[in-house]
Amino acid sequence: AFSVVSKQLSQCKLDLLEGLVSAEVFQVLKEKLSLLPENHRDALAADIDAIMYTTEGDVRIYYDDDGRKFVSILMRFWYLNDANLPDEVPGETKVFQIVFGDESTKEKRHLLTANYEFQREFTEGAKPDWTITRIEHPRLLE
């Protein structure tokens with residue numbers, strides 16, 4: 001889900017995210033994406049093969065005022081991306097440069113992070129659909 005959604009974000013295909021993200025997240029993304037420079041949009045995309053590490057940051061089970069049961073999982077992702085980001089972007093790390101062919105051709109890769117929170121209602125009879133309730137790409141989507 002992270003790879004698919006991050007690619008759609010980078011391509012500004014918000015119409016494909018309706019139903020996958022909460023209404024609040026959709027509105028925030030709509031506002032923020034229009035202001036992002038192209039290289040930051042490119043850096044949002046995480047190819048599934050470029051995801052280096054994932055971990056859960058927080059898992060919660062809670063009930064709302066009507067007694068409905070929910071589960072919320074915050075996932076943290078570290079992924080490599082070759083977007084043309086300036087070297088002074090705080091919070092990201094240039095992991096390595098790969099040399100293909102000769103010394104004059106180098107490809108930079110950046111290790112970037114993202115936090116996505118997934119929520120699902122587990123009340124009996126509720127649809128088994130997960131919704132993304134938070135999307136954070138620090139230093140890129142702020």
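By convention here, the first residue in the shown sequence is residue 1.
By the 4.5 Å heavy-atom criterion applied to side chains, Tyr53 and Thr113 are not counted as neighbours.
Here the OG atom belonging to Ser6 is positioned 10.5 Å from the CG atom belonging to Leu112, to the nearest 0.5 angstrom. In this structure, the separation between NZ on Lys30 and SG on Cys12 is 12.5 Å, given to the nearest 0.5 Å. Rounding to the nearest 0.5 angstrom, the gap separating the CG atom in Asp42 from the CG atom in Asn81 is 7.5 Å. Interatomic distance, Gln11 CD to Leu16 CG, rounded to the nearest 0.5 Å: 9.0 Å. In this structure, CZ in Phe122 is found 8.0 Å from NZ in Lys69, a value given to the nearest 0.5 Å. Taking OG of Ser10 as the reference point, atom CD of Gln8 lies at 9.0 Å (rounded to 0.5 Å).
Between Phe2 and His137, the angle of the ring planes stays under 30°, which puts this pair in the parallel group of the 30/60° scheme.
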Item to check | Verdict with reasoning, Gln27 to Leu29, per side chain to side chain contact (heavy atoms under 4.5 Å, CB included) | outcome: CA-CA 5 Å; Gln27 189 59 40; Leu29 291 173; over 6 Å; no
Item to check | Intermediate values then yes/no, side chain to side chain contact (heavy atoms under 4.5 Å, CB included), Val21 and Thr131 | outcome: CA-CA 5 Å; Val21 300; Thr131 302; 5.5 Å; no
Item to check | Thr123 and Asp66: CA distance, side-chain angles, deciding distance, side chain to side chain contact (heavy atoms under 4.5 Å, CB included) verdict | outcome: CA-CA 11 Å; Thr123 308; Asp66 297 325; over 6 Å; no
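What you find for Phe77 and Thr54 is that their closest heavy atoms are CD2-CG2, 3.2 Å. Closest approach of Phe26 to Leu14, counting heavy atoms only: CE1-O, 3.2 Å. When all heavy atoms of Asn39 and Ala83 are compared, the closest pair comes out as O-CB, 3.7 Å. Of all heavy-atom pairs between Lys7 and Ala46, the closest is CE-O, 3.8 Å. In terms of heavy atoms, Val25 sits closest to Thr133 at CG2-O, 3.2 Å. Across all non-hydrogen atoms, the minimal contact from Glu121 to Arg68 is OE2-CD, 3.2 Å.
Dense packing is recorded around OH of Tyr62, with more than 12 heavy atoms of other residues, nucleotides or ligands lying under 6.0 Å away. At most 12 non-hydrogen atoms from other residues, nucleotides or ligands lie less than 6.0 angstrom from CG of Asn84. Other residues, nucleotides and ligands place no more than 12 heavy atoms under 6.0 Å from the CD1 atom of Ile48.
Checking Leu9, Ile132, Val4 one by one against Leu17, the side chain to side chain contact (heavy atoms under 4.5 Å, CB included) holds for a single residue, Leu9. When each of Ile73, Leu74, Asp58 is checked for a side chain to side chain contact (heavy atoms under 4.5 Å, CB included) with Glu117, only Leu74 meets the rule.
Of the possible donor and acceptor atoms, none in the side chain of Arg134 sits under 3.5 Å from a partner among the backbone N and O of Asn115.
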